[in-house]
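Contents: one structure, followed by commentary.
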Amino acid sequence: MLPEVIGRIRSGSISAEERIRMFLERIELDNPHINSVLHVNSNAIEEAKRIDERIKTRQAGKLAGLGIIVKPNISVKGLPISCGSKVLENYIGSFDADVISAIRREDGIILGMANCDEFASGSSGENSAFGPTQNPTSPGRIPGGSSSGSAASVAAGFCDIALGSDTGGSIRNPASHCGVFGFKPTYGLVSRHGLVDLSMSLDVIGPICKDAYGIALMMDVISGSSENDAKTIPHERIDFLRGIDDGIKGKTVGLCSIAKEMCSEKRIYDVVESTAENMKKNLGVKLIDIDIPHIDLSVQAYYPLVYVEFFSGTRKFDGKKYGKPIEEFCGEEVLRRILGGKEISRAEYEGKYYRLALKAKMAIKIAVEKAFEKVDFIVLPVTPKLPHRIGDKITDPRVIYAYDAFTIPANFAGICAISVPAGEIDGCPVGMQILAKSFNDATLLRAARVIERLGIKNA
Ligand code: GLN
């Protein structure tokens, strides 16, 4: 567990250099098969040596000696920011994103760049131009996406913490399939400066880790407003580590039974339900049934909005300033979104589809906010089905889009949500999603921490 690792690094019983060498060796050995890392930072060992000096003189920061892997749509100076695409294959980051500067300030070591679905578009990890990522926990299956390489790298033991981005579920979905924790912070709590947009009104950067403490630690480092991102919301600094073990006794948890109908694999709902019962029995929470009207419209509302925002965001990839012309070099899913977004934005439709989708988004946001008048947390499945096998022929994109049915509402509402490991079905890890109100991120992580301590009872 991360607190023990940190203790050993601080006390000098292992050095930063040793830890980083261990990760690099594992990557060298296992990555050719897992394919979750696209590029290794060749300076990582030198950086670790420098941090060891700081540890000796007791000047080291909160992440001293920890290895971090980054989704390749987040800018890291000097490393390839490919976005999992041939379009940006040779594009090297010219600056550090705000989150990367924050990690460096606290002496975290960037180990390398992860694989991901091209331009964060996907739910399976199969849309990367650099080949699919394997699920280390469930061999032969997809790891989920689009932060496929970030979650798989954590599960494979290639790093301590990884960064992903979440527009409609891309942190929580792969975390669930890989059996690790994945956190989507409140929109505006973490700077998006240096993140390549998928859909800028929904995108957020967040951490993936094997334990809840690591999520809280990374949030403590990367959260806060920034003058580089006008959408960050000035808010009193949240201390993520204080009170992390305080528990959630007396809180009310809402279970949404309509989710059962939406699950094509009913056993996933059963895992969520029995974890919620477990919380009631062992954590002193009150459990009530809630309804969230319109959540069944999430997928239909999300894709038109993302298509349009993505289309407009990709106009800068015309081959002049960044990489190659996108329409000529991108994969099938990215092209579908560009052409779809272009079509939906045409003048003769007068924003017909877009406006309708915005209306549905607003209805879902209001429904979620209303549910929070009665509860502190909402629990939902992360995905309605188990991860498919890599290479399964899925020709209808709607089958893939359906993975996002339960994760999109948190992006629409701008609130925080986490996937916590909750069980296992047919050898596949299954996560439970917990949602909390905007800026209740630290309380949500407290819930994740106590659920983690209960242990997985549904395996
Ligand atoms: N699967 C969703 C999509 O393809 C979510 C992507 C994400 O959150 N980055 O758009």
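For ligands, and for the atoms within them, numbers begin at 1 and follow the listed sequence. The basis for the numbers below is simple: all heavy atoms, side chains too, and nothing from hydrogens, waters or symmetry mates. Small disclaimer: the values here were computed from a predicted structure and weren't measured.
Within the structure, ring-ring contact (aromatic ring centres under 6.0 Å, His included) contacts touching residues 134-155 (residues at least two apart or in different chains) do not occur.
Residue V306 places no N or O, backbone or side chain, under 3.5 Å from any N or O of ligand 1. For ligand 1, the polar-atom distance check finds no N/O of K71 at less than 3.5 Å from any of the ligand's N/O atoms. For G122, a nitrogen or oxygen atom sits less than 3.5 Å from a nitrogen or oxygen atom of ligand 1, counting backbone and side chain alike. At a 3.5 angstrom cut-off on N or O pairs, S165 does not count as close to ligand 1. Between D404 and ligand 1, at least one N/O pair is under 3.5 Å apart.
Listed by atom number, the atoms of ligand 1 under 4.0 Å from A120 heavy atoms are 6 (C), 7 (C), 9 (N). Those atoms of ligand 1 that come under 4.0 Å of a heavy atom in G169, given as number and element, are 8 (O). The atoms of ligand 1 that sit less than 4.0 Å from any heavy atom of D166 are 8 (O).
Residue contact annotation: R172 has no non-hydrogen atom under 4.0 Å from ligand 1.
T232 places no side-chain N or O within 3.5 Å of a backbone atom of S225 that could act as its donor or acceptor partner.
Salt bridge present: R315 and E327 bring a charged side-chain N and a carboxylate O closer than 4.0 Å. Ionic pairing of R449 and D211 is not present here: no N-O contact between side-chain nitrogen and carboxylate oxygen is shorter than 4.0 angstrom.
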